[in-house]
Amino acid sequence: MPISKPPPRNHFSTTSKDDEASTLETVVKCKEVEAKLFQKLADDARKDVENYRQMVRNRNQSLEEEYASNVAKLCLQEADEKRRKKMEELKTLENSHYDYHKMNVRMQTEIQGLLERMEATKKMWV
C-alpha cells in the first residue's frame with residue numbers, strides 16, 4: 001500500500017481557527033464588560049442600602065427625640081397639675097386654719113366676757 005500524504009492544509013481552516021479565537025476573545029471581553037457592569041450595579045446597590053440605613057437611623061433618632069420631648073411635656077403637664085392641686089389644698093388648709101383662728105379668738109372673747117359677767121354677778125351677790 002502506498003503511503004498517502006496528509007491532505008494539504010486549507011487556507012480556510014487556519015482562518016476558521018483564527019475566527020474562533022477572535023470570537024472567543026470577543027466573548028471573553030463581553031463577559032468581562034458584563035461582569036464589570038454587574039459589579040458596578042452591585043456597588044451602587046450597596047451604596048443605596050447604606051444611604052437608606054443612614055436615613056432610617058436619622059429618622060429613628062428624630063422620632064426618639066420627638067418622643068422624649070413629648071414625654072417631657074407630658075411629665076411637665078402632670079407636674080403642673082399636681083402643683084395646682086397642691087396649691088388648692090394649701091389654700092383650703094389656710095382658709096380652714098384662718099377660720100379656726102377666728103373661731104378660737106371669738107370663743108376666747110366670749111369666755112372672757114362670761115368670766116367678766118360671772119365676776120360682776122359674784123360681786124353683786126357678795
Side-chain angles (χ1 to χ4, degrees):
M1 197 159 147
I3 298 180
S4 64
K5 288 183 170 179
R9 284 196 159 182
N10 189 349
H11 178 66
F12 291 112
S13 175
T14 306
T15 305
S16 175
K17 287 182 182 179
D18 287 345
D19 285 346
E20 283 181 23
S22 175
T23 302
L24 284 175
E25 285 180 26
T26 302
V27 168
V28 167
K29 286 180 183 177
C30 284
K31 291 297 180 180
E32 286 174 346
V33 168
E34 188 178 20
K36 287 179 183 177
L37 174 67
F38 284 126
Q39 186 61 49
K40 183 180 180 335
L41 290 173
D43 292 343
D44 290 346
R46 282 189 193 96
K47 287 178 187 175
D48 287 346
V49 166
E50 188 53 39
N51 287 337
Y52 289 132
R53 284 184 179 152
Q54 186 61 39
M55 288 186 330
V56 167
R57 278 189 288 248
N58 291 342
R59 181 68 179 147
N60 281 344
Q61 183 179 0
S62 172
L63 288 174
E64 286 176 11
E65 289 171 359
E66 183 179 341
Y67 176 76
S69 174
N70 288 342
V71 167
K73 285 179 186 176
L74 181 61
C75 289
L76 182 61
Q77 290 172 351
E78 288 175 357
D80 281 345
E81 183 65 23
K82 285 180 183 179
R83 183 190 59 78
R84 187 185 62 74
K85 286 181 180 179
K86 290 295 180 184
M87 289 299 291
E88 288 175 2
E89 289 176 17
L90 178 63
K91 273 197 186 259
T92 302
L93 287 172
E94 285 176 341
N95 289 339
S96 296
H97 181 70
Y98 180 71
D99 290 342
Y100 171 78
H101 181 69
K102 282 187 342 184
M103 182 185 68
N104 194 9
V105 168
R106 188 177 69 234
M107 287 179 68
Q108 285 178 352
T109 305
E110 287 179 15
I111 290 171
Q112 186 64 34
L114 285 173
L115 286 174
E116 288 173 359
R117 279 188 264 155
M118 281 177 54
E119 204 49 48
T121 306
K122 187 177 172 183
K123 284 182 183 180
M124 283 175 59
W125 285 86
V126 177

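Expressed to the nearest 0.5 Å, how far CG of D48 lies from CZ of R46 amounts to 12.0 Å. Taking CG of N104 as the start and CG of D99 as the end, the distance is 12.5 Å to the nearest 0.5 Å. The structure places CG of L37 at 12.0 Å from NZ of K31, a figure rounded to the nearest 0.5 Å. Once rounded to the nearest 0.5 Å, the distance linking CD of E66 with CZ of R59 reads 7.0 Å. One distance of note links CG of L115 with NZ of K122; it measures 11.0 Å at 0.5 Å rounding.
The number of heavy-atom neighbours closer than 6.0 Å to CE of M103, taken from other residues, nucleotides and ligands shown, is above 12. Annotation for M55: atom CE counts as buried by contact number, over 12 foreign heavy atoms lying within 6.0 Å.
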Query - Derivation of the side-chain hydrogen bond (donor to acceptor under 3.5 Å, both in side chains) call for E64 and N60 - result: CA-CA 6 Å; E64 286 176 11; N60 281 344; 5.9 Å; no
Report task. Given side chain to side chain contact (heavy atoms under 4.5 Å, CB included), test R57 with Q61 step by step and report yes or no. Result -> CA-CA 6 Å; R57 278 189 288 248; Q61 183 179 0; over 6 Å; no
Report task. Step by step, work out the side chain to side chain contact (heavy atoms under 4.5 Å, CB included) result for L74 and E78. Result -> CA-CA 6 Å; L74 181 61; E78 288 175 357; 3.9 Å; yes
Report task. Apply side chain to side chain contact (heavy atoms under 4.5 Å, CB included) to the pair K36 and V33, showing each step before the final yes or no. Result -> CA-CA 5 Å; K36 287 179 183 177; V33 168; 5.7 Å; no
Query raised in the report: Yes or no on salt bridge (Lys or Arg N to Asp or Glu O under 4.0 Å) for K47 and D43, after CA distance, side-chain angles and deciding distance?
Result: CA-CA 6 Å; K47 287 178 187 175; D43 292 343; over 6 Å; no
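When the options E81, M87, K86 are evaluated for a side chain to side chain contact (heavy atoms under 4.5 Å, CB included) with R83, the one that passes is M87. Residue E116 forms a side chain to side chain contact (heavy atoms under 4.5 Å, CB included) with just one option from E119, Q112, M118, and that option is Q112. Of the listed residues (R84, K91, K85), just one forms a side chain to side chain donor-acceptor pair (under 3.5 Å) with E88, and that residue is R84.
Under 3.5 Å, the side chains of Q54 and N58 contain a donor-acceptor pair of N or O atoms.
The shortest side-chain heavy-atom distance between K29 and T26 does not fall under the 4.5 Å cut-off.
Of the possible polar contacts, none joining the S69 side chain to the E65 backbone as a donor-acceptor pair under 3.5 Å is found.
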